[in-house]
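Written out below as C-alpha cells is the structure these notes cover.
Just follow the structure's listing: the first ligand is 1, and inside any ligand the first atom is 1.
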Amino acid sequence: MLILSPSILAADFTKLGEQIEETVNAGAGYIHLDVMDGMFVPQISFGMPVIETIRKCTDKVFDVHLMIEDPGRYIEAFAKTGADIITVHAEACTHLDRVIQQIKAAGIKAGVALNPATPLSALDYVLDELDMVLIMTVNPGFGGQKLIPYCLEKVHDLRMIMKERGLDIDIQVDGGIKASNAKEVVEAGANVLVGGSAVFSGDITANTKAFMDVFSEFENK
Ligand SMILES: O=C(CO)[C@@H](O)[C@H](O)COP(=O)(O)O
Ligand SMILES: [Co+2]
C-alpha cells in the first residue's frame, strides 16, 4: 500500500490543525513529525508537548522521525505523546538493537533511518526486527532540499535484500520528495513517501491529490 506522510515541518504553525485536516481529507495516510535536537542535526524543531497537542486534531498514524542523539533516552516520553511509529537514526544509537526493543516494548512500531552516507549494512543485524526503514533522500536537518539520486539506488537494493530474506517491511523515503518524482521513488521500491514543502507550499489539497493521483496509477495496475 502506498502512503503519503506529510511532514508538518513545512506547515504554517499558526494553522497547524487546519492544515493537517486539509491534507488528511485529501488522502494523506500518516502525519510525519520531525523532531530535531540541535545536536544530531543543526536545527531544533519541536518535541513532546507539540506532538501531544496535535494528537488531539487527528487520529491518523503519527510517524515520529527522531533526529536526536542517543534517542533511547526519550522513547518512553515520545510513546506517551501518542506516537504510532518511532524512527530513530542508526547513526545516533550506540546500541541500536536495544533502542528498537525499547520502542517495541512501548507497543509502538519501530523504524530505523539511514543518512545518505550510511550503508545498508548498518541494518544487517536488526532488519528482521523492524516495521519500517527510512532511507533519507537528503541529509537530515532541513526541509526544502533536493533529492540525492544515489539514495534511490539504496531503496532499490534494500527492496532486493528484503525479497531475498522474505521480509515485507515498509520502506519510507524522506527529503525532496514531490509528486513529480513520486513515480520514480515508488518504482525504486519505496511505499511510504514523506512530503514537506511539496505538500504544504501553496494549495495543500491540490498538492496532496497530486500524490494520490500518482499512487492510483500503481494501485490500478
Ligand atoms: O526529516 C526531514 C528533514 O530532515 C524531512 O522530513 C523534511 O521535513 C522533509 O521536507 P521536504 O524535503 O519534503 O521539504
Ligand atoms: Co523527516
Determine how many protein N/O/S atoms sit closer than 2.8 Å to the Co ion (ligand 2), leaving waters out since they are not shown. 4
Counting from 1 in the order shown, the ligand 1 atoms closer than 4.0 Å to a non-hydrogen atom of His65 are 1 (O)
Look at ligand 1 and say whether Val138 reaches it with a heavy atom at a distance under 4.0 Å. no
Closest protein heavy atom to atom 13 (O) of ligand 1, given as residue, atom name and distance to 0.1 Å: Gly196 N, 2.8 Å
Suppose I only count heavy atoms of Asp174 and a 4.0 Å limit; which atoms of ligand 1 are within that range? 1 (O), 2 (C), 5 (C), 6 (O), 7 (C), 9 (C)
Common cluster, Leu193/Ile3, ILVMFWY with side-chain heavy-atom separation under 4.5 Å: no
So, does Gly175 sit close enough to ligand 1 that a heavy atom of it is under 4.0 Å from the ligand? yes
If the cut-off is 4.0 Å to any non-hydrogen atom of Ser7, which atoms of ligand 1 fall inside it? 6 (O), 8 (O)
Enclosure of Arg165 CZ (heavy-atom neighbours >12, cutoff 6.0 Å): yes
With the 4.5 Å side-chain cut-off for hydrophobic clustering, are Met132 and Leu123 part of the same group? no
Which heavy atom of the protein is the closest neighbour of atom 14 (O) of ligand 1, given with residue, atom name and distance? Ser197 OG, 2.6 Å
I need the nearest protein heavy-atom contact for atom 4 (O) of ligand 1: residue, atom name and distance, please. Gly141 N, 2.7 Å
N-O pairing of Asp70 and Arg73 below 4.0 Å: yes
Can you list the atoms of ligand 1 that are under 4.0 Å from a heavy atom of Pro140? 4 (O)
May I ask you to decide if the ring planes of His89 and His65 are parallel, tilted or perpendicular, using 30° and 60° as cut-offs? parallel
Could you tell me if His95 and Asp97 have a donor-acceptor pair between their side chains, going purely by distance under 3.5 Å? no
Under 4.0 Å from a heavy atom of Met67: which atoms of ligand 1 are those, numbered in the order shown and with their elements? 1 (O), 4 (O)
Can you find a pair of side-chain heavy atoms, one from Asp84 and one from Asp63, that are under 4.5 Å apart? no
Within a 6.0 Å radius of atom CG on Asp168, are there more than 12 heavy atoms belonging to other residues, nucleotides or ligands? no
Should the pair Glu76-Lys80 be classified as a salt bridge under the 4.0 Å nitrogen-to-oxygen rule? no
Do Val199 and Val194 belong to the same hydrophobic cluster, where Ile, Leu, Val, Met, Phe, Trp and Tyr are linked whenever their side-chain heavy atoms lie under 4.5 Å apart, directly or via other members? no
Nearest non-hydrogen protein atom to atom 10 (O) of ligand 1, with distance, is Gly143 CA, 3.6 Å
Using distance alone, decide if ligand 1 has a nitrogen or oxygen within less than 3.5 Å of any nitrogen or oxygen in Asp34. yes
Subset of ligand 1 atoms that lie under 4.0 Å from at least one heavy atom of Leu9: 8 (O)
Leu96-Ile85 co-clustered via ILVMFWY side chain contacts under 4.5 Å: no
Please identify which atoms of ligand 1 are closer than 4.0 Å to at least one heavy atom of His32. 6 (O)
Which residue and non-hydrogen atom of the protein lie closest to atom 3 (C) of ligand 1, and at what distance in Å? Phe142 O, 3.5 Å
Among all protein heavy atoms in this structure, tell me which lies nearest to atom 12 (O) of ligand 1, with the distance rounded to 0.1 Å. Gly176 N, 2.9 Å
Which residue and non-hydrogen atom of the protein lie closest to atom 11 (P) of ligand 1, and at what distance in Å? Gly144 N, 3.6 Å
For Phe142, look at atom CZ and say whether over 12 heavy atoms of other residues, nucleotides or ligands are found less than 6.0 Å away. yes
For residues Leu158 and Leu114: do they belong to one hydrophobic cluster (side chain heavy atoms under 4.5 Å, members Ile, Leu, Val, Met, Phe, Trp, Tyr)? yes
Pairs involving residues 11-28, ordered by first then second residue, that meet salt bridge (charged side-chain N to carboxylate O under 4.0 Å, His left out) (sequence neighbours left out): Asp12-Lys15
